[in-house]
> 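Structure below; questions to follow.
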Amino acid sequence: QVLLVESGGGSVQAGGSLRLSCVASEFAYRSTCLGWFRQAPGKEREGVAVRYQPKNRTYYGDAVTGRFFSSLDKAKNTMYLQMNSLKPEDTAMYYCAADPRSSFCLYGLGATDYRHWGQGTQVTVSS
């Protein structure tokens with residue numbers, strides 16, 4: 001079974017922080033690529049943080065670099081997204097995703113057609 005379950009979203013004022021969690025099934029956790037994406041109403045889905053596991057490399061979107069940090073807890077099969085200095089423009093539905101293809105995210109976080117997705121968790125940042 002492939003399972004990804006996000007949690008940790010909520011409402012926060014600008015400048016605040018949130019930590020999102022993505023609990024993954026073992027199959028999902030072993031995927032080549034594990035990432036966070038977000039989609040705001042009326043906007044395209046964009047990559048937030050994508051981890052290329054074979055090289056232990058993480059790519060961050062330009063809009064979040066320096067503010068958001070992705071990490072893994074192997075013992076818990078959990079991926080986290082620590083979000084700091086939140087801005088209203090960070091408001092979106094956040095999804096975690098996994099893909100097993102060998103070089104799928106080798107060069108970055110541009111791909112959005114991941115095979116497996118969580119249900120999403122809403123993050124709302126007020127001004």
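Note: hydrogens, waters and symmetry copies are ignored here, and every other heavy atom, side chains too, is used. Given the structure is predicted, the values throughout are model-derived calculations rather than measurements.
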> Kindly indicate whether the side chain of Phe104, heavy atoms from C-beta on, has any atom under 4.5 Å from the side chain of Arg115.
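Result no, sub-4.5 Å side-chain heavy-atom pair not found.
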> In chain order, what residues pass the salt bridge (Lys or Arg N to Asp or Glu O under 4.0 Å) check against Arg67, with sequence neighbours excluded?
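For Arg67 the salt bridge (Lys or Arg N to Asp or Glu O under 4.0 Å) partners, ignoring immediate neighbours, are Asp90.
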> Can you list the residues that meet the side chain to side chain contact (heavy atoms under 4.5 Å, CB included) rule with Lys55, with sequence neighbours excluded?
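By the side chain to side chain contact (heavy atoms under 4.5 Å, CB included) rule, Lys55 matches Tyr52, Arg57.
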> If the condition is side chain to side chain contact (heavy atoms under 4.5 Å, CB included), which residues does Tyr107 pass it with, not counting sequence neighbours?
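Not a single residue meets the side chain to side chain contact (heavy atoms under 4.5 Å, CB included) criterion with Tyr107.
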> Between Leu86 and Phe68, does the side-chain contact (heavy atoms from CB on, under 4.5 Å) criterion hold? Intermediate values first, please.
CA-CA 9 Å; Leu86 284 161; Phe68 290 12; 3.7 Å; yes
> For Asp113, does the CG atom have more than 12 heavy-atom neighbours from other residues, nucleotides or ligands under 6.0 Å away?
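More than 12 heavy atoms, drawn from other residues, nucleotides or ligands, come within 6.0 Å of this atom.
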> Return the set of residues passing side chain to side chain contact (heavy atoms under 4.5 Å, CB included) with Ser17 (not counting sequence neighbours), or none when no residue passes.
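So Ser17 forms a side chain to side chain contact (heavy atoms under 4.5 Å, CB included) with Gln82, Asn84.
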> Excluding sequence neighbours, so at least two apart, what forms side chain to side chain donor-acceptor pair (under 3.5 Å) with Thr58?
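Counting only residues at least two positions away or on another chain, Thr58 forms a side chain to side chain donor-acceptor pair (under 3.5 Å) with Arg51.
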> Hey, what else clusters with Leu4 if you join Ile, Leu, Val, Met, Phe, Trp, Tyr whenever side-chain heavy atoms sit under 4.5 Å?
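Its cluster mates, by chain and number: none.
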> For Gln119 and Glu6, indicate whether the former's side chain and the latter's backbone hold a donor-acceptor pair under 3.5 Å.
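At least one qualifying donor-acceptor pair exists.
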> Keeping the roles fixed (side chain from Ser31, backbone from Ala28), state whether a donor-acceptor pair exists under 3.5 Å.
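Side chain of Ser31 to backbone of Ala28: a pair is present.
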> Which pairs pass disulfide bond (SG atoms under 2.5 Å apart) with one or both residues in residues 34-80, sequence neighbours excluded?
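Found none.
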> For Glu26, look at atom CD and say whether over 12 heavy atoms of other residues, nucleotides or ligands are found less than 6.0 Å away.
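Atom CD in Glu26 is crowded, with more than 12 foreign heavy atoms closer than 6.0 Å.
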> Can you confirm whether Val64 sits close enough to Arg38 that some side-chain heavy atom of one is under 4.5 Å from a side-chain heavy atom of the other?
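Touching, per the 4.5 Å side-chain cut-off.
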> Tabulate below the donor-acceptor pairs under 3.5 Å that side-chain atoms of residues 120-127 make, not counting sequence neighbours, or state none.
unit_1	atom_1	unit_2	atom_2	d
Thr121	OG1	Gly9	N	3.1
Gln122	NE2	Ala92	O	3.3
Gln122	NE2	Thr124	OG1	3.4

> Does Arg101 have any salt bridge (Lys or Arg N to Asp or Glu O under 4.0 Å) partners at least two apart in sequence or in another chain, and if so, which?
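Per chain and number, Arg101 pairs via salt bridge (Lys or Arg N to Asp or Glu O under 4.0 Å) with Asp99.
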> Once ring-ring contact (aromatic ring centres under 6.0 Å, His included) is applied, do any residues pair with Phe37, and if so which ones, sequence neighbours excluded?
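So Phe37 forms a ring-ring contact (aromatic ring centres under 6.0 Å, His included) with Tyr114, Trp117.
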> Tell me every residue that passes ring-ring contact (aromatic ring centres under 6.0 Å, His included) with Phe69, counting only those two or more places apart in sequence or in another chain.
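Result, ring-ring contact (aromatic ring centres under 6.0 Å, His included) vs Phe69: none returned.
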> Within the 4.5 Å heavy-atom criterion, are Met83 and Val12 side-chain neighbours or not?
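A side-chain contact is absent here, since even the closest heavy-atom pair is not under 4.5 Å.
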> May I ask you to decide if Arg30's main-chain N or O and Gln53's side chain share a donor-acceptor pair within less than 3.5 Å?
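No; judged by distance alone, with no hydrogens or angles, the pair does not exist.
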> Any pair with a residue in residues 18-61 that passes disulfide bond (SG atoms under 2.5 Å apart), sequence neighbours left out, goes on the list, sorted by first then second residue, please.
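Matches after skipping sequence neighbours: Cys22-Cys96, Cys33-Cys105.
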> For the backbone of Leu106 and the side chain of Tyr59, can you confirm whether one donor and one acceptor N or O come within less than 3.5 Å of each other?
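Looks like yes, one N/O pair under 3.5 Å.
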